[in-house]
**Student:** 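Here it is: the structure, laid out below.
Values below: every heavy atom of this structure, side chains too, minus hydrogens, waters and symmetry copies. Each chain gets a letter, A, B and so on, in the order its sequence line appears, and its residues count up from 1.
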Protein chains: 2
Amino acid sequence: MLSFTEENYLKAIYKINEKTKERASTNAIAEIMQTTAASVTDMMKKLSNKNLITYERYKGSKLSSQGAQIATSLIRKHRLWETFLVEKLSFSWEEVHELAEQLEHINSNKLIERLDEYLDFPKYDPHGDPIPNAEGKFTLREQIKLSQLNIGEEGNLIGVQNHDDQFLEYLNELNIKLGSRITVTKKVLYDKTYNIIVDNEHTVQISEKVANNLMVKKILAL
Amino acid sequence: MLSFTEENYLKAIYKINEKTKERASTNAIAEIMQTTAASVTDMMKKLSNKNLITYERYKGSKLSSQGAQIATSLIRKHRLWETFLVEKLSFSWEEVHELAEQLEHINSNKLIERLDEYLDFPKYDPHGDPIPNAEGKFTLREQIKLSQLNIGEEGNLIGVQNHDDQFLEYLNELNIKLGSRITVTKKVLYDKTYNIIVDNEHTVQISEKVANNLMVKKILAL
DNA sequence: TAATATTTTTAGACTGCTCTAAATTTAGAT
DNA sequence: ATCTAAATTTAGAGCAGTCTAAAAATATTA
């Protein structure tokens, strides 16, 4: 049985590997875990002894297949709980992360499988991120950044790159939600802003930064 | 913010006080917490410093009003989660205790109030125990032991005294559940067994021990 | 490539919770 | 009332996870 803390370290390494594809550096892990490099080194030795990571002095850490399996199951639990909170308890998408950080450590396979069933086996969480199934497999989709759409093209919002509360609240204000149909009407070159129409209802202007954080599935013209 | 462990100690004292009405002895707490008396003494000092209990050397411990409030909110969370697991995720009543022991430590008032609402503000959990409301008030009922019914009298099962998995599974076998209408048809003096009719359907014989663990609300004859 | 900056590890210590063993206090029995 | 048994506390130590400060390894740059 792993401790809460050990599980969080595994998740941190998973997160880093998701982005960089390289071995997670001690400092990078310390940054995520909000602790010191020295503490990380200690924990790396421990996790290495348990065969959950491969660790080489001064070279960083990587999840073993066993460690990756645990990390994936944490992601699964996290995203299923987020889905539960939004779908059943009417939380909004920017509120659920912290709560799911706690709930993901609840230890019961039966519980998580029942929850999955209760939610009707969702494939994506409220932020559009894929939920791995019980075997750890993710259902991937063809997704591109909104900024990659050309003028006149349309897409359905299927996810957000950035999960910041502030960013999500901003989207709420603009009435942009998962599933929204977004049409790009204009790209202003000199200040890199985009004019878009949301759900054929209202026009808004967004920055390039925002356009890079919105993941869409392109709607093909007939 | 209290630790998982501190919270469990408060709950242990609460549990003892529920039964004995006296100060909880160090040994009694150690028994519940599955630890040694020495560890309990250490923790009592700590909780006393935080004003969560009143503790006097060699005299035992009692919850302060603040400590009682925390214990009650743990009971509330525990029983609401049990209700959720049974009502929404189809767990059976003997499975939910261990899971609720974990879930009760999830820290979010908003979550628990939303859960309460989602469950439609239940007053009793799947074992018939009262769920304190957000202010810590319990809704009590007139309840007597099944063994206190006279021959020919009837009652509705509204709770069980003992929460043992084995006992609950035994009740499942006998098809006795919360709400069942139970008629006492015979009390055999020499071996202290009871003959009862469950839901006007089947007759079973139960021991006195079982009859003492079943809490019923007497159905008054017309 | 030598000097410097950065990253990482080691050493040693602290906190929270636990333990065993010994000492102390209280309760029970004669 | 004293002796004994039981309950409780103290003392001292261990483990997990954390820290700071110093040492070692690696990376960068002149």
Side-chain angles (χ1 to χ4, degrees), chain A residues 1-13 15-17 19-63 67 70-71 74 101-102 104-105 107, chain B residues 1-13 15-17 19-63 67 70-71 74 101-102 104-105 107:
Chain A
M1 183 76 319
L2 295 189
S3 73
F4 196 98
T5 310
E6 290 168 317
E7 290 191 342
N8 282 336
Y9 270 98
L10 292 178
K11 226 178 29 149
I13 298 171
K15 243 181 245 172
I16 292 166
N17 190 249
K19 286 192 182 166
T20 67
K21 298 290 174 195
E22 290 177 14
R23 276 191 281 202
S25 77
T26 302
N27 264 355
I29 297 170
E31 166 72 26
I32 291 182
M33 293 296 295
Q34 295 278 57
T35 184
T36 60
S39 304
V40 175
T41 300
D42 285 350
M43 183 56 85
M44 292 307 101
K45 289 177 185 164
K46 193 173 164 189
L47 294 177
S48 183
N49 284 335
K50 293 191 180 185
N51 288 317
L52 299 174
I53 62 172
T54 56
Y55 164 67
E56 220 180 321
R57 282 164 85 256
Y58 295 103
K59 307 271 165 154
S61 308
K62 210 173 168 315
L63 293 174
I70 293 172
L74 286 167
E101 288 286 302
Q102 293 185 59
E104 72 190 6
H105 297 288
N107 188 352
Chain B
M1 186 78 312
L2 295 188
S3 74
F4 196 99
T5 311
E6 290 169 317
E7 290 190 340
N8 282 337
Y9 270 98
L10 292 178
K11 227 179 28 152
I13 297 172
K15 241 182 245 170
I16 293 166
N17 189 251
K19 286 194 181 162
T20 68
K21 298 288 174 195
E22 289 176 16
R23 277 191 281 203
S25 77
T26 301
N27 264 356
I29 298 170
E31 166 72 26
I32 291 182
M33 294 295 295
Q34 295 278 59
T35 183
T36 62
S39 303
V40 175
T41 301
D42 285 350
M43 183 59 84
M44 293 306 101
K45 289 177 184 164
K46 192 174 164 190
L47 294 177
S48 184
N49 284 335
K50 294 192 181 186
N51 288 315
L52 299 174
I53 63 172
T54 56
Y55 164 69
E56 219 180 322
R57 283 164 82 257
Y58 295 104
K59 306 271 164 143
S61 309
K62 209 172 167 317
L63 293 175
I70 294 172
L74 285 167
E101 287 285 302
Q102 293 185 59
E104 73 191 5
H105 297 288
N107 187 351

**Student:** Return the nearest nucleotide to the side chain of T35(A); candidates are dT10(C), dC19(D), dT18(C).
**Tutor:**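 It is dC19(D).
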**Student:** When the distance from CD1 of I29(B) to C1' of dA7(D) is rounded to whole Å, what number comes out?
**Tutor:**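 Rounded to whole Å, this separation is 13 Å.
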**Student:** What's the spacing between Q34(A) CD and I29(A) CD1 if we round to 0.5 Å?
**Tutor:**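 One finds 14.0 Å between CD of Q34(A) and CD1 of I29(A).
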**Student:** How close or far is atom C1' of dG16(C) from atom CD of E7(B), stated in whole angstroms?
**Tutor:**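 Nearest whole value for this atom pair: 15 Å.
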**Student:** Out of curiosity, K50(A) NZ to I70(A) CD1, how far, rounded to the nearest 0.5 Å?
**Tutor:** 9.0 Å
**Student:** Separation of E31(A) atom CD from dT8(C) atom P, in whole Å?
**Tutor:**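 Taking atom P of dT8(C) as the reference, CD of E31(A) is at 12 Å.
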**Student:** Mind calculating the distance between CZ (F4(B)) and P (dG16(C)) to the nearest angstrom?
**Tutor:**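 Going from CZ in F4(B) over to P in dG16(C) covers 18 Å.
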**Student:** Rounded off to whole Å, could you give me the CZ-to-P distance for the R23(A) and dA27(D) pair?
**Tutor:**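 Atom CZ in R23(A) sits about 11 Å away from atom P in dA27(D).
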**Student:** With a cut-off of less than 4.0 Å, is there a side-chain N or O of K45(A) near OP1 or OP2 of dT10(C)?
**Tutor:**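 K45(A) to dT10(C) OP1/OP2: side-chain N or O found under 4.0 Å.
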**Student:** Quick one: is N27(B) getting a side-chain N or O under 4.0 Å of the dT8(D) phosphate, OP1 or OP2?
**Tutor:**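 For dT8(D), OP1/OP2 do have a side-chain N/O of N27(B) under 4.0 Å.
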**Student:** Could you check Q34(A) against M44(B) and say which one's nearest nucleotide on DNA chain D is further toward the 5' end?
**Tutor:**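 On the 5' side of the pair lies M44(B).
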**Student:** Expressed in angstrom and rounded to an integer, what is the separation of D42(B) atom CG from dT20(C) atom C1'?
**Tutor:**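 Rounding to the nearest Å, CG of D42(B) and C1' of dT20(C) are 13 Å apart.
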**Student:** Salt bridge check, E6(B) against K11(B): does any charged N sit closer than 4.0 Å to a carboxylate O?
**Tutor:** no
**Student:** Is there any salt bridge (charged side-chain N to carboxylate O under 4.0 Å, His left out) pair reaching into residues 30-45 of chain B, and which pairs are they, with sequence neighbours excluded?
**Tutor:** none
**Student:** Quick one: what's the B/S/- string for nucleotides 20-26 of chain D, heavy-atom cutoff under 4.0 Å, read 5' to 3'?
**Tutor:** B---BSS
**Student:** OP1, OP2 of dT18(C) versus side-chain N and O of Y9(B): anything below 4.0 Å?
**Tutor:**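 Yes, Y9(B) has a side-chain N/O under 4.0 Å of OP1/OP2 on dT18(C).
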**Student:** Measure from CG on N8(A) to C1' on dT18(D) and round the result to the nearest Å.
**Tutor:** 15 Å
**Student:** Working to the nearest 0.5 Å, report the span between CG of L63(A) and OG1 of T54(A).
**Tutor:**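 Atom-to-atom, L63(A):CG and T54(A):OG1 are 8.5 Å apart.
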**Student:** Rounded off to whole Å, could you give me the CD1-to-P distance for the I16(B) and dA7(D) pair?
**Tutor:** 14 Å
**Student:** Taking any heavy-atom pair under 4.0 Å as a contact, classify Y55(A): base, sugar-phosphate, or nothing.
**Tutor:**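 Contact class for Y55(A): sugar-phosphate only.
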**Student:** What's the separation between atom OH in Y9(B) and atom CG in L52(B), rounded to the nearest 0.5 Å?
**Tutor:** 14.0 Å
**Student:** Under the salt bridge (charged side-chain N to carboxylate O under 4.0 Å, His left out) rule, collect the residues that match up with K62(B), sequence neighbours excluded.
**Tutor:** none
